[in-house]
J.: 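Dropping the structure in here first, questions after.
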Amino acid sequence: MKTLKHLFDRNLEWANTIKEQDPEFFSELSKQQTPEYLWIGCSDSRVPANQIVNLPPGEVFVHRNIANVVVHSDLNCLSVMQFAVEVLKVKHIIICGHYGCGGIQAAMENQENGLIDNWLLHIKDVIRFNAEKFEGLDHQDKLDLLCELNVREQVTNVCNTTIVQNAWKQGRELSVHGWIYSIQNGILKDLDACITSRDEVPVP
C-alpha cells in the first residue's frame with residue numbers, strides 16, 4: 001500500500017521550519033481564522049492563492065474550481081461565499097483567473113472532453129456575449145482575452161448573488177475584485193473591475 005511517505009516527510013519538515021521561526025504560530029492559528037479576503041480561483045496547481053500574494057495560512061479563505069467560474073446554482077461555491085461574507089466577515093472577494101487556463105482553452109476549441117463540457121458551457125456563454133471583441137484576433141490573443149472577459153463575467157455573477165447583495169443592503173464594507181495572473185512571470189494584474197456597491201453592478 002502506497003502511503004506517500006515523502007509528502008508526510010515534507011509536511012514534517014515544513015511544520016518544524018515554521019515552528020523554528022515562530023514557536024507560537026500553530027497555536028495562534030488554531031484559535032480562529034479571521035481572513036479579510038475570499039479568493040475564488042482556478043483549480044490549476046500552478047496558481048496557489050496564498051503564495052501568489054505572499055500571505056501565510058489563515059489570511060485567505062479559498063474556493064477553487066475549473067476556470068474560476070461562479071454559477072448561481074453551484075451550492076458549493078455559494079456556501080463558501082456565504083460563510084466567508086456572513087461568518088468570517090471578509091471585506092474583499094477576489095476573482096482571480098490566469099492566462100494559459102486549460103478550461104478556457106477547452107471552451108474556445110470546441111472539442112469533446114466529456115463531463116467537463118457541461119461546466120464549460122458557462123465560459124462558452126462568455127464567448128457568445130462578447131463575440132464582436134474576438135473578431136480579427138489571432139488564437140493566442142483570443143485565449144488571453146477570454147481569460148480576462150471570464151474574470152469580468154464572474155465578478156458580475158458574484159455581485160448579483162443574494163449573499164453580496166444582502167451584505168451591501170446592510171451597509172457592509174465589501175469589495176469584489178477581478179484579477180488575472182500570469183504563470184509565465186508570476187505577476188498579478190488588476191483588471192480594473194472592482195465593484196463596491198449595488199449601484200456599480202452591471203445589469204444582468
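On a predicted model such as this, the values are computed, not experimentally measured, just so you know.
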J.: Side-chain heavy atoms nearer than 4.5 Å, only ILVMFWY residues, links allowed to pass through others: does that put Val87 and Val158 together?
T.: yes
J.: Between Asn50 (side chain only) and Pro56 (backbone N and O only), is there a donor and an acceptor less than 3.5 Å apart?
T.: yes
J.: Quick check: does any side chain N or O of Gln154 sit under 3.5 Å from a backbone N or O of Val70, one acting as donor and the other as acceptor?
T.: yes
J.: Look only at the side chain of Asn118 and the backbone of Leu115, and say whether a donor-acceptor pair between them is shorter than 3.5 Å.
T.: yes
J.: For the CD1 atom of Ile127 and the CG atom of Leu149, what is their distance to the nearest 0.5 Å?
T.: 9.5 Å
J.: Is there side-chain contact between Cys42 and Tyr181, with at least one heavy-atom pair below 4.5 Å?
T.: no
J.: Return the minimal non-hydrogen interatomic distance between Val90 and Arg172, and the atom names on each side.
T.: O-NH2, 3.3 Å
J.: Identify the two heavy atoms, one from Ile187 and one from Asn185, that lie closest to each other, and give their separation to 0.1 Å.
T.: N-OD1, 2.9 Å
J.: If you look at every heavy atom in Met81 and Val164, which pair is closest and at what distance?
T.: CE-CG2, 3.9 Å
J.: Please check if Leu137 and Phe129 belong to a single hydrophobic cluster, counting links between Ile, Leu, Val, Met, Phe, Trp and Tyr side chain heavy atoms closer than 4.5 Å.
T.: no
J.: Would you check if the side chain of Asp74 reaches a backbone N or O of Cys77 as a donor-acceptor pair within less than 3.5 Å?
T.: yes
J.: Around Lys89, counting heavy atoms of other residues, nucleotides and ligands shown, do more than 12 lie under 6.0 Å from its NZ?
T.: yes
J.: Are Ile93 and Trp179 co-members of a hydrophobic cluster defined by side-chain heavy atoms under 4.5 Å apart?
T.: no
J.: Can you tell me if Gln165 has over 12 outside heavy atoms packed within less than 6.0 Å of its CD?
T.: yes
J.: In Å and rounded to the nearest 0.5 Å, what is the CD1 to SG distance from Ile123 to Cys147?
T.: 8.5 Å
J.: Spell out, as yes or no, whether a donor-acceptor pair under 3.5 Å connects the side chain of Asn166 to the backbone of Ile163.
T.: no
J.: Are any non-hydrogen side-chain atoms of Thr196 and Ser175 less than 4.5 angstrom apart?
T.: yes
J.: Measure the acute angle between the ring planes of Tyr37 and His92, then classify it against the limits of 30° and 60° as parallel, tilted or perpendicular.
T.: parallel
J.: With rounding to the nearest 0.5 angstrom, report the CE to CD distance, Met108 to Gln105.
T.: 9.5 Å
J.: Is there a donor-acceptor pair under 3.5 Å between the side chain of Arg198 and the backbone N or O of Lys169?
T.: no
J.: Roughly how far, to the nearest 0.5 Å, is CD of Glu59 from CH2 of Trp39?
T.: 14.0 Å
J.: Can you get from Leu191 to Ile104 by hopping between Ile, Leu, Val, Met, Phe, Trp and Tyr side chains that sit under 4.5 Å apart?
T.: no
J.: Heavy-atom count around Glu28 CD within 6.0 Å, excluding the residue itself: above 12?
T.: yes
J.: Same cluster for Val176 and Ile180 if Ile/Leu/Val/Met/Phe/Trp/Tyr side chains link at under 4.5 Å?
T.: yes
J.: Enter the distance from Ile66:CD1 to Trp119:CH2 here, rounded to the nearest 0.5 Å.
T.: 9.0 Å
J.: Other than Phe8, what residues sit in its cluster of Ile, Leu, Val, Met, Phe, Trp and Tyr side chains whose heavy atoms are under 4.5 Å apart, directly or through others?
T.: none
J.: So which atom in Val155 and which in Ala193 form the shortest heavy-atom distance, rounded to 0.1 Å?
T.: CG1-O, 3.5 Å
J.: Roughly how far apart are Thr17 OG1 and Asp22 CG, rounded to 0.5 Å?
T.: 13.0 Å
J.: Would a 4.5 Å heavy-atom cut-off, applied to side chains only, mark Asp44 and Cys101 as touching?
T.: no
J.: At their closest point, which heavy atom of Val151 faces which heavy atom of Gly97, and how far apart are they?
T.: CG2-N, 3.5 Å
J.: Under 3.5 Å, is there a donor-acceptor pair between the Glu20 and Asn16 side chains?
T.: no
J.: For Glu132, look at atom CD and say whether over 12 heavy atoms of other residues, nucleotides or ligands are found less than 6.0 Å away.
T.: yes
J.: Any salt bridge (Lys or Arg N to Asp or Glu O under 4.0 Å) involving residues 143-166? Give me the pairs, sequence neighbours left out, ordered by first then second residue.
T.: Glu148-Lys189
J.: Could you pull out the closest heavy-atom pair between Trp168 and Cys159, with the gap in Å?
T.: CH2-SG, 3.6 Å
J.: For side chain to side chain contact (heavy atoms under 4.5 Å, CB included), just list the numbers for Lys19 and Phe26, CA-CA rounded to whole Å, side-chain angles, deciding distance to a tenth of an Å, and then say yes or no.
T.: CA-CA 8 Å; Lys19 284 183 279 190; Phe26 289 109; 3.7 Å; yes
J.: Is a side-chain N or O of Asn130 found less than 3.5 angstrom from the main chain of Phe134, in a donor-acceptor match?
T.: no
J.: Parallel, tilted or perpendicular for Phe61 and Phe83, by the 30°/60° rule?
T.: tilted
J.: Please step through side chain to side chain contact (heavy atoms under 4.5 Å, CB included) for the pair Asn157 and Val71, ending with a clear verdict.
T.: CA-CA 7 Å; Asn157 287 347; Val71 183; over 6 Å; no
J.: Counting neighbours of CD on Glu109 that are heavy atoms of other residues, nucleotides or ligands and sit closer than 6.0 Å, is the number greater than 12?
T.: yes
